[in-house]
Enquirer: 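Structure below; questions to follow.
Side chains are part of it too, since the values below use all heavy atoms of this structure and drop only hydrogens, waters and symmetry mates.
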Amino acid sequence: MKKVVFLLSGAMAALSMNVMALSNDHTNVSDDIVAQQRANLAKNTQGKGFGPQSPRNIEAAAGTNPVVFNKAPAYTQMNLCNIHMHKNAEHAGGEFSKFAGNGDGMGYQTGYVYSGTLTKSESKPLNQAVCRSEHGGLQTGDTIEVHYVHSSAQVTPGATLGACLSDSIKNPQFRVETQVFVLVNDDKALDFGELTQHSVSNGYQQALNIPNNTGTPIEYAGSTTGPKYNEAGSPFQVTWSVRPKVAKVDINTVGTWCEDNTFKEDHAHGVRNLVTNPDLLSPMQ
């Protein structure tokens with residue numbers, strides 16, 4: 001038995017090393033691996049009562065998940081609790097419908113990117129990437145999906161989803177206002193510091209400058225995201241509001257934000273595989 005356990009441990013370690021190597025080489029895993037992750041997600045959620053999941057294609061309305069929950073109030077009647085970003089869009093559709101590839105199998109170098117074009121000056125790369133982490137950094141031309149997370153609990157902005165929870169209310173409602181940006185080398189583009197500015201407004205913690213000119217948001221019932229849910233269901237219920245148009249933001253201001261912000265965010269997170277199983281999607285009107 002010990003020998004079998006040792007062999008299994010060795011195999012798992014080798015698999016982990018191979019996945020890490022893929023991550024470092026920015027090599028796409030095969031379609032078979034992504035298909036297996038989706039199959040595991042279906043298996044691990046089947047018959048267990050999980051609610052609708054995210055992210056999804058915002059242009060595809062089909063969904064058969066039977067779990068229903070009340071829509072969260074408008075974000076102007078909730079408290080901003082967290083702002084963070086993902087490298088590449090987690091959602092698909094609108095002006096971010098171009099698939100980046102399967103990535104490393106752990107949420108990086110995958111997702112969806114801006115399907116438009118940039119000028120030569122907007123595309124000029126920086127000498128060094130910003131918001132760097134072990135998975136790389138952000139460079140001119142990259143796409144990010146920004147999540148403005150709101151809670152019905154009486155909370156203040158802070159780090160992680162924990163900032164959205166309260167000892168006084170154990171089951172608050174969540175709403176995520178979502179905006180996809182493309183990073184440009186242009187000091188006349190939007191300033192990320194201004195886009196994430198927050199203060200109390202009408203009695204609520206608010207992000208003061210969420211874009212309001214990037215199309216009518218697509219609203220749907222879903223869940224929290226992130227690559228840790230590639231093979232497991234998220235238990236959190238979230239009302240999503242995803243804007244279909246991409247806005248241009250000055251990459252230098254994004255780098256400055258990563259150096260110091262209320263949310264202790266210093267890099268872009270990975271993305272969860274797009275959820276395509278109708279059993280895990282809410283119907284959209």
Enquirer: For the residue pair Phe174 and Thr224, establish whether any side-chain heavy-atom pair is separated by less than 4.5 Å.
Expert: no
Enquirer: Do Arg38 and Thr276 come close enough that some side-chain heavy atom pair is under 4.5 Å?
Expert: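 A side-chain contact under 4.5 Å exists here.
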Enquirer: Atom OG1 in Thr196, atom CE in Met85: separation rounded to 0.5 Å?
Expert: 9.5 Å
Enquirer: With ring pair (Phe, Tyr, Trp, His ring centres under 6.0 Å) as the criterion, how do Tyr148 and His198 come out once you've worked through the C-alpha distance, each side chain's angles and the decisive distance to 0.1 Å?
Expert: CA-CA 11 Å; Tyr148 298 85; His198 57 89; over 10 Å; no
Enquirer: Please examine the side chains of Val146 and Ile83, heavy atoms only from C-beta on, and report whether any two atoms are closer than 4.5 Å.
Expert: yes
Enquirer: Are the side chain of Gln53 and the backbone N or O of Gly233 linked by a donor-acceptor pair below 3.5 Å?
Expert: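 Looks like no, no N/O pair under 3.5 Å.
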Enquirer: Looking only at heavy atoms, what is the nearest atom pair of Ser97 and Ser115, with distance?
Expert: OG-OG, 3.8 Å
Enquirer: Is a side-chain donor or acceptor of Glu59 paired with a backbone partner of Gly94 at a separation under 3.5 angstrom?
Expert: yes
Enquirer: Would you name the heavy atoms of Pro172 and Cys164 that are closest together and state the gap between them?
Expert: CG-O, 3.9 Å
Enquirer: Any donor-acceptor pair under 3.5 Å linking the side chain of Asp250 with the backbone of Ala189?
Expert: no
Enquirer: Decide yes or no for Phe192 and Leu183: does some side-chain heavy atom of the first lie under 4.5 Å from some side-chain heavy atom of the second?
Expert: no
Enquirer: Test Asn185 against Leu126 for side-chain contact (heavy atoms from CB on, under 4.5 Å), laying out the working first.
Expert: CA-CA 8 Å; Asn185 195 344; Leu126 300 181; 3.8 Å; yes
Enquirer: Which pair of non-hydrogen atoms, one from Pro283 and one from Gly63, has the smallest distance, and what is that distance?
Expert: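 So the two residues come closest at CB-O, 3.4 Å.
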Enquirer: Using 30° and 60° as the class limits, which term best fits the ring planes of His269 and His267: parallel, tilted or perpendicular?
Expert: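 His269 and His267: tilted rings.
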Enquirer: Go through it in stages, so that I can follow the logic: the residues are Leu161 and Phe236, the test is side-chain contact (heavy atoms from CB on, under 4.5 Å), and I'd like the CA-CA distance, side-chain angles, deciding distance and then a yes or no.
Expert: CA-CA 10 Å; Leu161 184 63; Phe236 294 97; 3.9 Å; yes
Enquirer: Any side-chain to backbone donor/acceptor pair from Thr178 onto Val242? Under 3.5 Å, distance only.
Expert: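 Checked: no pair found.
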Enquirer: So, for Thr140 and Lys124, which heavy atoms are closest and what is the spacing to 0.1 Å?
Expert: OG1-O, 3.1 Å
Enquirer: Starting from Val176, can I reach Val180 by hopping between I/L/V/M/F/W/Y residues whose side chains sit under 4.5 Å apart?
Expert: yes
Enquirer: Would you confirm whether Thr143, through its side chain, and Tyr114, through its main-chain N or O, come within 3.5 Å as a donor-acceptor pair?
Expert: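 Yes, Thr143 side chain to Tyr114 backbone: donor-acceptor pair under 3.5 Å.
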Enquirer: Determine yes or no for a side-chain-to-main-chain donor-acceptor pair under 3.5 angstrom, with Asp266 supplying the side chain and Cys258 the backbone.
Expert: no
Enquirer: Would you find a donor on one side and an acceptor on the other, under 3.5 Å apart, between the side chain of Thr110 and the backbone of Gly107?
Expert: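 Checked: no pair found.
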Enquirer: Compile the donor-acceptor pairs under 3.5 Å between side chains in residues 199-212 and protein atoms, sequence neighbours left out, one pair per line.
Expert:
unit_1, atom_1, unit_2, atom_2, d
Gln206, NE2, Tyr75, O, 2.9
Gln206, NE2, Met78, O, 2.9
Asn209, ND2, Glu194, O, 2.8

Enquirer: Heavy atoms, side chains only, cut-off 4.5 Å: are Val254 and Cys131 in contact?
Expert: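 Sidechains of Cys131 and Val254: in contact.
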Enquirer: Rounded to the nearest 0.5 Å, what's the gap from OG on Ser30 to CD on Gln36? Could you check?
Expert: 10.0 Å
Enquirer: Should Asn65 and Leu281 be marked as a side-chain contact (heavy atoms from CB on, under 4.5 Å) after you check the CA-CA gap, both sets of side-chain angles, and the distance that decides it?
Expert: CA-CA 5 Å; Asn65 188 277; Leu281 295 172; 5.8 Å; no
Enquirer: In chain order, what residues pass the salt bridge (Lys or Arg N to Asp or Glu O under 4.0 Å) check against Glu122, with sequence neighbours excluded?
Expert: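 Listed in chain order: Lys248.
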Enquirer: Which residue, Glu145, Arg56, Arg243, forms the side-chain hydrogen bond (donor to acceptor under 3.5 Å, both in side chains) with His91?
Expert: Glu145
Enquirer: Can you name the residues that form a side-chain contact (heavy atoms from CB on, under 4.5 Å) with Asn102, not counting sequence neighbours?
Expert: Asn28, Val29, Asp31, Val34, Phe99
Enquirer: Side-chain contact, heavy-atom cut-off 4.5 Å: Asp187 with Asn252?
Expert: no
Enquirer: One pair to check against side-chain contact (heavy atoms from CB on, under 4.5 Å): Leu280 and Leu41. What are the steps and the verdict?
Expert: CA-CA 9 Å; Leu280 292 175; Leu41 175 63; 3.7 Å; yes
Enquirer: Is there side-chain contact between His86 and Thr225, with at least one heavy-atom pair below 4.5 Å?
Expert: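 Heavy-atom side-chain distance check passes, below 4.5 Å.
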Enquirer: Quick check for you: to the nearest 0.5 Å, what is the distance between His150 atom NE2 and Gln77 atom CD?
Expert: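 If I round to the nearest 0.5 Å, the distance is 11.5 Å.
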Enquirer: Evaluate the side-chain proximity of Leu118 to Val182: yes if any heavy-atom separation is below 4.5 Å, no if none is.
Expert: yes
Enquirer: Check for a donor-acceptor pair, side chain of Asp142 on one end and backbone N or O of Leu138 on the other, with a separation under 3.5 Å.
Expert: no
Enquirer: Has Glu90 got a side-chain atom pairing as donor or acceptor with Asn88's backbone, closer than 3.5 angstrom?
Expert: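 It does not hold such a pair.
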Enquirer: Where does the angle between the aromatic ring planes of Tyr108 and His135 fall among parallel (under 30°), tilted (30 to 60°) and perpendicular (over 60°)?
Expert: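 The rings of Tyr108 and His135 lie parallel, inter-plane angle below 30°.
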Enquirer: So does Glu219 pair up with Arg175, basic N to acidic O under 4.0 Å?
Expert: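 Salt bridge: yes.
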Enquirer: Check the orientation of Trp240 and His147. Use parallel for under 30°, tilted for 30 to 60°, and perpendicular for over 60°.
Expert: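 It falls in the perpendicular class, over 60°.
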Enquirer: Ignoring hydrogens and angles, tell me if any N or O in the side chain of Ser223 forms a donor-acceptor pair with the backbone of Ser234 under 3.5 Å.
Expert: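 Looks like no, no N/O pair under 3.5 Å.
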